[in-house]
Amino acid sequence: MIAFLDYGAGNVRSVINAIESLGEKVKVVEAAEDILSAERLVFPGVGAFGSMMHILNEKKYVEPLQSYLQSGRPFLGICLGLQALFEGSEEAPGVKGLGFIPGMVRRFDLTLSVPHIGWNGLNFKQPSRVFAGLRGDEKFYFVHSYHVVPMDDGAVLTTTDYEREFVSSIQIGNIIATQFHPEKSGSAGLQILKNFLDTSVEQARPVRSPESTKLAKRIIACLDVRATDQGDLVVTKGDQYDVREKGAVRNLGKPVELARRYYQEGADEITFLNITGFRDFPLEDMPMLEVLRQTSENVFVPLTIGGGIRDYIDKNGREYRALEVASEYFRSGADKVSIGSDAVLIVEECLKTGRKPGRSSIEEISRVYGNQAVVISIDPTRVYVQSADAVRHQVIETAIPGPNGERYCWYQCTIKGGREGRDLDAITLAQVCEQLGAGEILLNCIDRDGTNLGFDLELINAVSDAVSIPVIASSGAGNAEHFHEVFTETEAESALAAGIFHRREVPIRDVKNYLKDKVEVRL
Ligand code: 1PR
């Protein structure tokens with residue numbers, strides 16, 4: 001039996017699913033006694049250092065944890081579960097960590113995007129049983145803005161390169177902790193978990209460790225989900241957001257099955273967008289929660305869910321906070337949530353008042369679950385104008401002239417699935433959402449959606465230049481070359497597609513094989 005420390009972090013379900021998929025049973029810690037009597041302990045965490053230590057102190061888990069660590073029994077810390085072992089963190093000045101390892105947690109200070117999100121490799125610094133069966137060139141999933149800095153290197157198990165080398169895991173006897181997420185790192189991650197769970201496994205030090213590790217470009221499969229007129233929940237796909245064919249909702253398959261197929265085909269992440277979420281009440285929308293629960297039981301790459309995340313009042317007048325909706329999605333297996341229409345309304349309010357709202361969905365969810373857990377999904381459409389100062393929005397000069405030869409355009413934000421244009425541009429939306437705590441931008445494009453004409457590179461460059469958080473390119477992919485184009489002509493860290501995958505025109509594996517000697521990808 002594995003003792004499992006759940007202090008309310010986002011990724012708990014994913015770790016339990018991964019451990020149970022390896023045939024082990026998990027007992028969630030309910031009292032300090034459960035820690036002291038544990039034979040093996042797993043401590044996962046995502047979110048913020050300060051709120052984690054606050055909850056551990058509140059639950060009186062700090063001392064039992066410190067004596068468990070001193071006992072030398074098997075311990076696996078994941079992400080914040082690693083950072084908690086240190087004396088403190090720049091993320092929460094003055095808040096004490098468990099202090100098991102001398103050293104601090106520092107924020108990345110880089111020119112590259114922060115958070116560090118995606119698949120990166122490991123430099124192996126000492127042999128360990130958790131490496132048994134690994135080749136050495138595998139990549140693992142990271143999502144963090146802070147990294148540990150131990151006083152002495154004796155505890156360093158692996159490092160990883162992201163502009164600079166940082167410590168990505170530690171080992172002291174049976175105490176092992178990783179900055180990356182084994183539960184979200186596909187079969188390589190499951191191998192590490194399996195090795196940790198089996199204390200009889202031989203030590204190993206993989207040979208094919210690369211000279212320096214590289215962050216891979218991510219290929220994301222997107223499943224736009226809605227109910228058909230008969231009420232069946234299906235994956236659909238629009239052409240410029242119109243999902244109807246001969247009046248009926250296009251039905252491209254079952255969400256859980258398609259997600260599983262894309263996982264097996266090598267998708268780096270999977271995104272579910274409940275495209276009628278603006279109409280539905282998410283917590284009454286049990287089917288989407290069930291899709292997430294079932295998917296997370298056997299898909300071990302990051303899952304993002306979007307659609308309808310906002311504050312709302314149900315028909316009985318009961319008020320729900322967006323944070324409650326997000327928490328339910330995290331408890332059901334999501335790693336990130338995506339906010340669409342609500343983000344536009346929040347930013348409009350911000351610009352009108354000149355102040356941060358403080359209790360907006362973006363601020364509240366990023367405060368509790370961390371910036372990296374909040375994605376902003378933007379649904380813009382091009383509006384051509386005669387000159388750069390024709391409108392008060394951020395305008396770009398375009399190489400794709402308008403219907404009357406216009407050389408300038410701006411990108412108008414829409415809400416409710418492209419149904420309602422707003423007096424706001426996509427660049428400004430992205431900038432203000434970053435200031436409010438968002439960790440990533442999902443940059444769709446209504447004009448390119450379902451066209452197979454390729455990504456709107458000008459839009460992607462305009463938004464990437466304006467923010468320091470990662471940008472996901474989306475809409476218009478028609479072939480593998482379009483992915484090469486977006487990864488070589490823009491700063492996009494990842495690219496998302498839907499239609500070509502659903503219609504089996506270009507399998508994910510073919511996209512990766514095409515890219516493999518051109519840009520860094522996870523094979
Ligand atoms: O506004 O918070 O309720 O969220 C609703 C979410 O649903 C938003 O993320 C919005 O982007 C999405 N959405 C709403 N209506 C549609 C629609 O298609 N009618 N789909 C929709 C968005 C865009 C991409 C698509 C790419 C790639 N789809 O997700 O997958 O364009 O497509 P392609 O590769 O086939 O070109 P809220």
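Residue indices begin at 1 and follow the sequence shown. Counting starts at 1 for both ligands and their atoms, in listed order.
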Got a salt bridge between [X] and [Y], using NZ or NE/NH1/NH2 to carboxylate O under 4.0 Å?
{"X": "Glu363", "Y": "Arg321", "value": "no"}
{"X": "Asp335", "Y": "Lys184", "value": "yes"}
{"X": "Arg448", "Y": "Glu458", "value": "no"}
{"X": "Asp268", "Y": "Lys139", "value": "no"}
{"X": "Glu406", "Y": "Arg382", "value": "no"}
{"X": "Lys512", "Y": "Glu520", "value": "no"}
{"X": "Lys352", "Y": "Glu349", "value": "yes"}
{"X": "Arg250", "Y": "Glu245", "value": "yes"}

Name the closest protein heavy atom to [atom], giving the residue it belongs to and the distance to 0.1 Å.
{"atom": "atom 19 (N) of ligand 1", "result": "Tyr241 O, 2.9 Å"}
{"atom": "atom 4 (O) of ligand 1", "result": "Gly307 CA, 3.4 Å"}
{"atom": "atom 13 (N) of ligand 1", "result": "Ile275 CG2, 3.4 Å"}

*Would you kindly check if the NZ (Lys) or CZ (Arg) of Lys516 is within the cone defined by 45 degrees around the ring axis of Tyr514 and under 6.0 Å from the six-membered ring centre?*
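No, cation not above the ring by the 6.0 Å, 45° rule.
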*Decide whether a cation-pi geometry holds between Arg261 and Tyr263; the criteria are a distance under 6.0 Å from NZ or CZ to the six-membered ring centre and an angle within 45° of the ring axis.*
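The answer is no; the distance or angle limit is not met.
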Are any of the N/O atoms in [X] less than 3.5 Å from those in ligand 1?
{"X": "Gly476", "answer": "yes"}
{"X": "Asp342", "answer": "no"}
{"X": "Gly340", "answer": "yes"}
{"X": "Asp224", "answer": "yes"}
{"X": "Thr451", "answer": "no"}
{"X": "Ala498", "answer": "yes"}
{"X": "Ser377", "answer": "yes"}
{"X": "Gly308", "answer": "yes"}
{"X": "Arg419", "answer": "no"}

Counting from 1, what ligand 1 atoms have a heavy atom of [X] closer than 4.0 Å?
{"X": "Cys222", "result": "29 (O), 30 (O)"}
{"X": "Ser475", "result": "26 (C), 27 (C), 31 (O), 36 (O)"}
{"X": "Gly499", "result": "33 (P), 34 (O), 35 (O)"}
{"X": "Ser341", "result": "1 (O), 2 (O), 37 (P)"}
{"X": "Asp449", "result": "25 (C), 26 (C), 27 (C), 31 (O), 32 (O), 36 (O)"}
{"X": "Gly450", "result": "33 (P), 35 (O), 36 (O)"}
{"X": "Asn444", "result": "11 (O), 23 (C), 24 (C), 29 (O)"}
{"X": "Ala497", "result": "34 (O)"}

*For Arg359, which residues count as a salt bridge (Lys or Arg N to Asp or Glu O under 4.0 Å) partner, sequence neighbours excluded?*
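Testing Arg359 for salt bridge (Lys or Arg N to Asp or Glu O under 4.0 Å), a comparison that skips the adjacent residues, returns Glu364.
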_Winner among Gly306, Gly417, Ala473, Gly277 once heavy atoms are compared against atom 15 (N) of ligand 1_ =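 The nearest heavy atom belongs to Gly417.
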_Just to check, does Gly418 reach to within less than 4.0 Å of ligand 1 when the distance is taken from its heavy atoms?_
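In this structure, Gly418 fails to qualify as a contact of ligand 1 - no heavy atom is under 4.0 Å.
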*Check for a donor-acceptor pair, side chain of Glu91 on one end and backbone N or O of Tyr146 on the other, with a separation under 3.5 Å.*
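Not at all, since once roles are kept as given, no pair shorter than 3.5 Å links the two residues.
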*Do the side chain of Arg509 and the main chain of Gln264 share a donor and acceptor less than 3.5 angstrom apart?*
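Indeed, once roles are kept as given, a pair shorter than 3.5 Å links the two residues.
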*Using the ring of each side chain (for Trp, its six-membered ring), is Phe483 parallel, tilted or perpendicular to Phe455, with breaks at 30° and 60°?*
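Ring orientation, 0 to 90° scale: perpendicular.
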Residue part near ligand 1, for [X], under 4.0 Å between non-hydrogen atoms:
{"X": "Ser474", "result": "side chain"}
{"X": "Lys237", "result": "side chain"}
{"X": "Leu496", "result": "side chain"}
{"X": "Asp379", "result": "side chain"}

*Applying ring-ring contact (aromatic ring centres under 6.0 Å, His included), which residue pairs with at least one partner in residues 215-255 are found, sequence neighbours left out?*
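Matches after skipping sequence neighbours: none remain.
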